[in-house]
Protein chains: 2
Amino acid sequence: MSQHRHPGAPGSAGAVPALPDLPEATVARLPEYLRALHNLADGGHETVSSEGLATAAGVNSAKLRKDLSHLGSYGTRGVGYDVALLIEQIESVLGLTQRRAVALVGVGNLGHALAGYDGFASRGFRIAALFDADPARVGEEINGLVVRHVDELSRVAAEESIAIGVIATPAAAAQPVADQLVAVGVTSILNFAPCVLSVPEGVDVRKVDLAIELQILSFHEHRKASLTALPATGGSALTALPGGLAANDSQEAIGT
Amino acid sequence: MSQHRHPGAPGSAGAVPALPDLPEATVARLPEYLRALHNLADGGHETVSSEGLATAAGVNSAKLRKDLSHLGSYGTRGVGYDVALLIEQIESVLGLTQRRAVALVGVGNLGHALAGYDGFASRGFRIAALFDADPARVGEEINGLVVRHVDELSRVAAEESIAIGVIATPAAAAQPVADQLVAVGVTSILNFAPCVLSVPEGVDVRKVDLAIELQILSFHEHRKASLTALPATGGSALTALPGGLAANDSQEAIGT
DNA sequence: AGGCGCTTGTGAAGGGGTGCACAAATCGCG
DNA sequence: CGCGATTTGTGCACCCCTTCACAAGCGCCT
Ligand SMILES: NC(=O)c1ccc[n+]([C@@H]2O[C@H](COP(=O)([O-])OP(=O)(O)OC[C@H]3O[C@@H](n4cnc5c(N)ncnc54)[C@H](O)[C@@H]3O)[C@@H](O)[C@H]2O)c1
Ligand SMILES: NC(=O)c1ccc[n+]([C@@H]2O[C@H](COP(=O)([O-])OP(=O)(O)OC[C@H]3O[C@@H](n4cnc5c(N)ncnc54)[C@H](O)[C@@H]3O)[C@@H](O)[C@H]2O)c1
């Protein structure tokens, strides 16, 4: 299906690293599967069916099977997937076999919470350094890490081989900080500031904007209110659906 | 996302605001446009071209025009869009003309940061109440709001007409909290806990999971590293045997 | 050994989103 | 008053994703 790769040389050749080249949508779901799998493993399950895992991850089972098939997963027909093996596979694909070092820039209100978040550590990452521009903040110790001045970013980034930068500064400072991160070789950035970052090609940016999430919810809230206020013209008023409490579809994450 | 609703009204008839029934992808971008527009307005701009606004919002200009056309927006050919008018339109569509009340449940590490976040207030929302289950936390005052016990949720929700619930509790508590929110009539939930919530139809859930964002970045980081490490088909015939050294992490070889 | 039930993996259909390219509309200016 | 420059709005083709439905594969039981 997904053979877009131009083969460099026809004939035999082969032997290309053959990275799976997964669809973005699949990549975005793999972490969710991984979390569900860890839960299952903790619960003592050794295998799980696509149906079971799909439910735990909040997705459609066909979608899950297709996602897993993309990474050449090893399931057993009639049985399901080996939980431990699948965890290993997904972690490998996501590049979580190595514990990547994360630098957090902006240790303010939000930055403090992030610095103390154990979800970082428990899911494959290591907060390697904290930075802030405020001299009053520099030197402060959080969770065993000392806040350093951003001017030290270059030196520390090299020492710690920072792989991912997290920006938790005010919006006005986000672009300069991003530039500094890029300058020291960071090619992945998670941005909490409500602004668009401009980065060179090859650098990935993901954004988390709380206000946007709320505004999207607001839209649906608004729409729901309008619909109930003005009942749907046609016949079917509130069509009582069977199974009133069915779990809804997957809850969307953020991102593109 | 939840299911579609009945299509728009058949005959015209009603002089209703004509609910646009926007594509989800468009809805997700409108807040970004809104933010960019506010920046432009603060900068003194009165009009803006689709190209200019698209750049500010980090999207393609054709996409932006199509998005705006969906909400029947009023642009002027040869000129552009009236910034103030467009702000008004988008805010109206998103239901931001009223300041929605938000309840935050779980005032821990992250909850504290959220409670103090002014991006809430400045973008159309009002934190109306804080809740926690820990008696030690109840009574604490944050930003002029007193933390209450979750048992009071029912009463307070009615008083403040809570529209949106934000969950910032540990994952184990998220589902019960969601159930409580739904029970008191909340139909929009923003979930920061890393778990899937099951809610009745008609309730919208959006999820923010920091670890997932990092893991997605990790994937791309991993892929980029593999690509640069093994440049595309060097030309010389060193890699002869397929799968010669597949012992390492890369589990390629997805069979067709 | 063979049949049976269960589950995976996937072909194919359908829907939605994206971006190009262009006609239509508007303004400013000669 | 008309013309050209500019910019919107959108038809269309393409691509990705989702979902259904089912054949193939696997283990188990008889
Ligand atoms: N607080 C939240 O819950 C929340 C939620 C979502 C998004 N955000 C966004 O996250 C960002 C941070 O929010 P906050 O509430 O922590 O703000 P804050 O003001 O409390 O913290 C910002 C920190 O960044 C530091 N800083 C400023 N310029 C810097 C620079 N050039 N280099 C390094 N550090 C610099 C400041 O010294 C400060 O410590 C903002 O953009 C905000 O909009 C916050
Ligand atoms: N801290 C972060 O930066 C961060 C980032 C992303 C996601 N998260 C997630 O957000 C959630 C909260 O993280 P945290 O670091 O603030 O944890 P925390 O332990 O500091 O805070 C959790 C709070 O929830 C309260 N709580 C527990 N059960 C409750 C219940 N049933 N009803 C009401 N309140 C209850 C606790 O008393 C506590 O105050 C977690 O699920 C975490 O995984 C945190």
Side-chain angles (χ1 to χ4, degrees), chain A residues 1-5 20-30 32-33 37 40 45-83 85-86 89 216 246 248-253 255-256, chain B residues 1-5 7 20-30 32-33 37 40 45-83 85-86 89 216 253-256:
Chain A
M1 296 180 53
S2 62
Q3 71 278 24
H4 285 19
R5 219 159 215 6
D21 191 19
L22 306 171
E24 255 322 287
T26 296
V27 174
R29 283 187 294 264
L30 287 181
E32 198 71 52
Y33 302 157
L37 284 166
L40 288 166
H45 294 73
E46 301 207 343
T47 64
V48 63
S49 70
S50 67
E51 194 65 49
L53 182 53
T55 300
V59 304
N60 180 302
S61 69
K63 193 190 295 187
L64 177 132
R65 286 199 299 274
K66 184 151 290 186
D67 283 340
L68 294 186
S69 78
H70 278 131
L71 44 95
S73 157
Y74 291 48
T76 312
R77 297 174 191 230
V79 177
Y81 299 90
D82 182 289
V83 172
L85 176 63
L86 199 46
Q89 292 256 334
I216 294 173
N248 74 347
D249 288 18
S250 62
Q251 25 225 255
E252 42 246 294
T256 32
Chain B
M1 188 71 271
S2 33
Q3 298 291 348
H4 310 74
R5 288 292 148 178
D21 192 18
L22 305 170
E24 252 326 284
T26 296
V27 173
R29 283 187 295 265
L30 287 181
E32 199 70 53
Y33 303 156
L37 283 166
L40 288 167
H45 294 73
E46 300 207 342
T47 65
V48 63
S49 70
S50 67
E51 194 67 50
L53 182 54
T55 301
V59 303
N60 179 300
S61 69
K63 195 189 294 186
L64 177 131
R65 287 199 297 278
K66 186 155 292 187
D67 282 342
L68 295 186
S69 78
H70 278 129
L71 45 95
S73 160
Y74 292 47
T76 313
R77 297 175 190 227
V79 176
Y81 298 90
D82 183 287
V83 172
L85 177 63
L86 200 47
Q89 291 257 334
I216 294 172
I254 38 179
T256 301

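Below, read A as the first sequence line, B as the second, and so on, with proteins coming before strands; counting in each chain starts at 1.
Helix bend of the helix from dA1(C)-dT30(D) to dG30(C)-dC1(D): the angle between its two end axes, each built from five pairs, comes to 10° after rounding to 10°.
The Arg29(A) side chain lies nearest to dT18(D) when the options are dG17(C), dC17(D), dT18(D).
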Please enumerate all protein N or O atoms sitting under 3.5 Å from an N or O of nucleotides 26-30 of chain C, with distances to 0.1 Å.
from: dT26(C); atom 1: O4'; to: Arg77(B); atom 2: O; distance (Å): 3.4

Atom pairs, N/O to N/O, protein against nucleotides 28-30 of chain D, distance under 3.5 Å?
none

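Distance, Leu30(A) CG to dC17(D) P: 12 Å, rounded to whole Å. Atom OH of Tyr81(A) is separated from atom P of dC26(D) by 13 Å (rounded to the nearest Å). Nucleotide dG9(D) holds its C1' atom 13 Å from the CG atom of Leu71(B), rounded to whole Å. What separates CG of Leu86(A) from C1' of dG9(C) is a distance of 14 Å, to the nearest Å. Here the C1' atom of nucleotide dT8(C) and the CG atom of Leu85(A) are 15 Å apart, to the nearest Å. Rounded to whole angstrom, the span from the CD atom of Glu51(B) across to the P atom of dT8(D) amounts to 8 Å. Taking atom CD of residue Gln89(B) and atom P of nucleotide dG9(D), one finds them 11 Å apart after rounding to whole Å.
Distance check: His45(A) NE2 to Leu37(A) CG gives 11.5 Å after rounding to the nearest 0.5 Å. Atom-to-atom distance recorded for Leu68(A):CG and Lys63(A):NZ is 13.0 Å, nearest 0.5 angstrom. Put simply, CD on Glu24(A) and CD1 on Ile216(B) are 7.5 Å apart, with the number rounded to the nearest 0.5 Å. Taking CG from Leu40(A) and OH from Tyr81(A), the interatomic distance works out to 13.5 Å, rounded to the nearest 0.5 Å.
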- request: Apply the test side chain to side chain contact (heavy atoms under 4.5 Å, CB included) to residues Tyr74(B) and Asp82(B): give CA-CA distance (whole Å), side-chain angles for both, the deciding distance (0.1 Å), then the verdict.
  value: CA-CA 8 Å; Tyr74(B) 292 47; Asp82(B) 183 287; over 6 Å; no
task: Check step by step if side chain to side chain contact (heavy atoms under 4.5 Å, CB included) holds for Arg29(B) and Val59(B).
output: CA-CA 9 Å; Arg29(B) 283 187 295 265; Val59(B) 303; 4.1 Å; yes
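Within residues 60-69 of chain B, the residues having any heavy atom under 4.0 Å from DNA chain D are, by residue number, Arg65(B), Lys66(B), Ser69(B).
Residues passing the side chain to side chain donor-acceptor pair (under 3.5 Å) test with Thr47(B), sequence neighbours excluded: none. Considering only residues two or more places apart in sequence or on other chains, Thr26(B) meets the side chain to side chain donor-acceptor pair (under 3.5 Å) condition with Asp67(B).
At least one side-chain heavy atom of Leu71(B) sits less than 4.5 Å from a side-chain heavy atom of Gln89(B).
At the phosphate of dT7(D), neither OP1 nor OP2 sits under 4.0 Å from any side-chain N or O atom of Tyr74(B). Remark: Ser49(B) is not in phosphate contact with dT7(D), judged by side-chain N or O atoms under 4.0 Å from OP1 or OP2.
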Considering only distance and modelled atom types, tabulate donor-acceptor pairs under 3.5 Å from the side chains of residues 50-57 of chain A, sequence neighbours left out.
from: Ser50(A); atom 1: OG; to: Arg65(A); atom 2: NH1; distance (Å): 3.0
from: Glu51(A); atom 1: OE1; to: Ser61(A); atom 2: OG; distance (Å): 3.3
from: Thr55(A); atom 1: OG1; to: Glu51(A); atom 2: O; distance (Å): 2.9

